Amino acid sequence: MKTCRFGMWPVLPLNVHFKKPSDYKPFPLDEENLQIYSRARHAMYNACKALGWGKEDAILVPAYHHGSEIQALCDLDIQLKYYELTDKLEPNPEELDQLMTTNVRALYITHYLGFPQNAAFWRKWCDERNIMLIEDAAQAFLAERDGIPVGSHGDFSIYCLYKTYGLPDGGALVSKKPLKDNYAKAPSGVWPMVKRHINFVSEQRGEVAGLHLRFNDAMSVYKKVKNESNEKELQLGDPTTRASAMTMKLLPLLLDENTAAKRRENYRYMLSKLGELVPPPFNELPDGASPFAFPVKLNDAKEFLARLKKKGVIGQLFWLNPHPTLPKAEFPFSIELREGVMALPVHQDLSVKELDKIINAVKECLPVVQL
Ligand SMILES: Cc1ncc(COP(=O)(O)O)c(C=O)c1O
């Protein structure tokens with residue numbers, strides 16, 4: 001039997017087009033000051049631009065980041081003041097205080113892998129210093145803490161809707177005060193939709209998964225030949241691009257009150273079988289989390305991922321490369337995370353049988369030494 005392919009990204013079931021729109025409108029989709037761009041980096045760029053921030057202004061930003069959100073700030077010439085994270089992946093208030101200068105406009109916090117930070121604490125911290133709070137909920141749409149949706153405390157917050165549902169794109173921006181939008185064109189989103197459907201079929205059918213894996217391998221060779229580095233992945237693109245027409249059509253068909261609970265259920269199941277590989281703080285699942293992926297930490301991450309891929313499980317190093325502006329030597333903890341933490345699939349459309357396939361594949365690939 002051919003091996004199916006399981007990726008981190010949520011898939012798009014084929015029957016979605018026949019579903020009825022849902023009445024469920026979770027935060028921030030029910031908010032007045034909502035804008036939906038194609039990507040979350042566009043949301044970040046446009047919010048900072050609307051606030052008039054530029055080269056005289058600074059933001060406290062985490063050393064552990066994706067890179068594209070940082071690039072959006074660089075494109076506006078905003079000064080970056082990097083902070084390291086504690087072992088709970090939280091900012092350290094004392095370190096932040098040392099970084100404070102009169103031109104600091106905001107603290108930027110990231111809700112890693114859909115695990116909520118204590119945003120209420122950071123709200124108060126920012127108010128005491130008269131600066132803004134930015135919540136990066138790119139991986140945390142539908143997550144909440146103490147019953148309050150992630151992103152509610154920020155002066156503005158960003159989300160990747162397509163990381164929770166198999167949408168072509170969708171980077172949402174919500175703000176406490178109205179911000180001028182910067183909308184121009186909207187792509188159709190048809191080709192990314194087809195790719196999400198292919199991901200769905202690859203999870204069910206080994207023959208399609210085989211073709212899919214070979215196609216992706218050929219594409220990476222092509223990209224290498226064209227000398228496309230992963231710096232391209234960080235670029236802003238056209239920030240006036242709003243969410244595609246297909247995303248806006250599919251979103252109400254995909255929204256489901258059970259999504260976060262199903263992700264938690266899958267996560268808990270994976271934790272019960274692979275818990276010893278999971279680094280803190282991800283080894284304990286908070287009530288309101290909406291896990292984006294299942295993290296494992298190993299000493300030879302690249303080798304492990306290559307072996308896993310042969311078994312049809314596509315994991316990803318959780319941000320191997322920081323933004324080039326990060327002085328790496330000053331942030332050893334975030335670099336250690338980048339080199340060792342991998343994200344595995346846990347999305348809501350995976351059944352227990354499929355999770356078992358992923359778990360078995362992980363165990364078979366394991367003779368690498370655990371960190
Ligand atoms: C934490 C975080 N913030 C922002 C972004 C940027 O999102 P997008 O790729 O939609 O621009 C990402 C992307 O992965 C991310 O992980």
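What you see is a predicted model, and the numbers here were worked out from it, not measured in a lab. Remember, it's 1-based here, ligands and their atoms both numbered in the order they're listed.
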Short N-O contact, [X] and [Y], less than 4.0 angstrom:
X: E364; Y: K310; value: no
X: K273; Y: D356; value: no
X: R123; Y: D155; value: yes

Shortest protein heavy-atom distance from [atom], along with the residue and atom involved:
atom: atom 10 (O) of ligand 1; answer: Y162 OH, 2.5 Å
atom: atom 15 (C) of ligand 1; answer: H66 CB, 3.6 Å
atom: atom 4 (C) of ligand 1; answer: D136 OD2, 3.5 Å
atom: atom 5 (C) of ligand 1; answer: S68 OG, 3.7 Å

Taking CD in E32 as the centre, count heavy atoms belonging to other residues, nucleotides or ligands within less than 6.0 Å. Is the count above 12?
no
For D287, does the CG atom sit with more than 12 other heavy atoms under 6.0 Å from it, leaving out its own atoms?
no
Given R41, K163, E69, which has its nearest heavy atom closest to atom 12 (C) of ligand 1?
K163
Looking at F292, W319, Y112, the heavy atom closest to atom 16 (O) of ligand 1 belongs to W319
Is the closest heavy atom of C160 to ligand 1 under 4.0 Å?
yes
For the 3.5 Å polar cut-off, considering only N or O atoms, please tell me whether I158 and ligand 1 meet it.
no
What part of Q139, side chain from CB on, backbone N/CA/C/O, both or neither, has a heavy atom under 4.0 Å from ligand 1?
side chain
Flag the pair L298 / L366 as yes when at least one side-chain heavy-atom distance between them is below 4.5 Å, and no otherwise.
yes
Side chains of L274 and K363: does their closest heavy-atom pair fall under 4.5 Å?
yes
Under 4.0 Å from a heavy atom of R39: give me the atoms of ligand 1 that qualify, with their elements.
8 (P), 9 (O), 10 (O), 11 (O)
Pull out every atom of ligand 1 sitting under 4.0 Å from any heavy atom of T110, numbered as shown with elements.
1 (C)
Let me know which of N258, T259, N266 forms a side-chain hydrogen bond (donor to acceptor under 3.5 Å, both in side chains) with K262.
N266
